[in-house]
Amino acid sequence: MNLVMVILIIATLLSALLATVSFWLPQMTPDHEKLSPYECGFDPLGTARLPFSLRFFLIAILFLLFDLEIALLLPLPWGDQLASPLLTFFWATAVLLLLTLGLVYEWLQGGLEWAE
């Protein structure tokens with residue numbers, strides 16, 4: 001057999017084995033908490049008009065912004081293999097500087113304070 005067929009057979013058997021084990025391995029003991037829907041910490045049977053913390057929302061948006069920054073800068077070590085690596089590093093430095101200045105501004109404005 002050629003290598004591609006061996007890899008496909010191994011991948012298929014391994015995924016089937018793992019799916020079977022994950023189906024039979026966990027203990028099925030449902031209780032009231034496991035059967036109730038989880039709605040972000042709010043009671044799903046209560047009113048939908050509960051107040052939402054705007055500070056929590058801002059912190060979550062900042063977390064997503066910096067998480068996206070890490071995802072954008074992840075391929076940077078391979079940038080030295082491009083035709084113009086200095087240009088790549090310049091743009092990466094510009095992105096980091098812009099985000100750092102935004103973080104400092106947010107910090108000075110008190111946007112990162114959880115409680116006043």
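Each residue takes its place number in the sequence, starting with 1.
- The same ILVMFWY cluster, assembled from side-chain heavy atoms under 4.5 Å apart, contains both L65 and I61.
- Note on I9: it clusters hydrophobically with V6, by side-chain heavy-atom contacts below 4.5 Å among ILVMFWY residues.
- Among V95, T88, L87, the one residue that satisfies the side chain to side chain contact (heavy atoms under 4.5 Å, CB included) test with W91 is L87.
- Note that the CD1 atom of I7 and the CG atom of N2 stand 9.0 Å from one another [nearest 0.5 Å].
- L103 is not listed as a side-chain neighbour of L99, based on a closest heavy-atom distance of 4.5 Å or more.
- Interatomic distance, OG1 of T100 versus CD of E69, reported as 7.0 Å (0.5 Å rounding).
- Under a hydrophobic clustering in which Ile, Leu, Val, Met, Phe, Trp and Tyr are joined whenever their side-chain heavy atoms come within less than 4.5 Å, directly or via other members, L97 and V104 fall into different clusters.
- The CG atom of L73 sits 9.5 Å away from the CG atom of L68 when rounded to the nearest 0.5 Å.
- The heavy-atom pair separating T12 from S15 by the smallest distance is O-OG, 3.0 Å.
- Atom CG of L8 and atom CG of L3 lie 9.5 Å apart (nearest 0.5 Å).
- Proximity of L17 to L13: side-chain heavy atoms (C-beta onward) are nowhere separated by under 4.5 Å.
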